Amino acid sequence: YVCSTYRVAEHYQSGNITRKITTTVEAMPEMFVEIDPELAKQKGIQSGDWVEVSSIRGQVRVKAFVTPRIQPFVIDGKKLH
């Protein structure tokens, strides 16, 4: 799988400071992962399910957000999610 990280407007940088502010925590209360609908169907994942995302650096349990905004890549004719 191909993973990418990004920031959300509600939290500054890693959220070290903003995750302690009530209003920003209300706006963005938990971490999430966006998954394309095809991969979600293959894995039996629905929006709101808790899933584990792991890499060589570690693992984290987050809520799934199934969205067509995220699309698989086609690299050398092979589909990669």
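Model, not experiment: these values are computed from the prediction. These numbers come from the heavy atoms of this one structure, side chains and all, not from hydrogens, waters or symmetry mates.
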Please answer: with hydrophobic residues joined when any side-chain heavy atoms are less than 4.5 Å apart, are [X] and [Y] in the same cluster?
| X | Y | value |
| --- | --- | --- |
| Val33 | Leu39 | yes |
| Ile45 | Val60 | yes |
| Ile35 | Val53 | yes |

**OP:** Quick one: closest heavy-atom pair of Gly44 and Asp49, and the distance?
**Re:** O-OD2, 4.0 Å

Do the non-hydrogen side-chain atoms of [X] and [Y] ever get within less than 4.5 Å of each other?
| X | Y | result |
| --- | --- | --- |
| Val2 | His81 | no |
| Trp50 | Lys63 | yes |
| Val62 | Val51 | yes |

Original post:
So, are Glu52 and Arg61 salt-bridged, with charged N and O less than 4.0 Å apart?
Top reply: no

Original post:
Yes or no on side chain to side chain contact (heavy atoms under 4.5 Å, CB included) for Glu38 and Gln71, after CA distance, side-chain angles and deciding distance?
Top reply: CA-CA 9 Å; Glu38 184 181 342; Gln71 292 293 309; over 6 Å; no

Original post:
Measuring from Ile75:CD1 to Leu80:CG, what's the distance to the nearest 0.5 Å?
Top reply: 4.5 Å

**OP:** To the nearest 0.5 angstrom, please state how far the OG atom of Ser54 sits from the OH atom of Tyr1.
**Re:** 10.5 Å

Original post:
For the side chain of Asp76 and the backbone of Lys78, is there at least one donor-acceptor N/O pair under 3.5 Å apart?
Top reply: no

Original post:
Should the heavy atoms of other residues, nucleotides or ligands under 6.0 Å from CD of Glu34 be counted, would the total exceed 12?
Top reply: yes

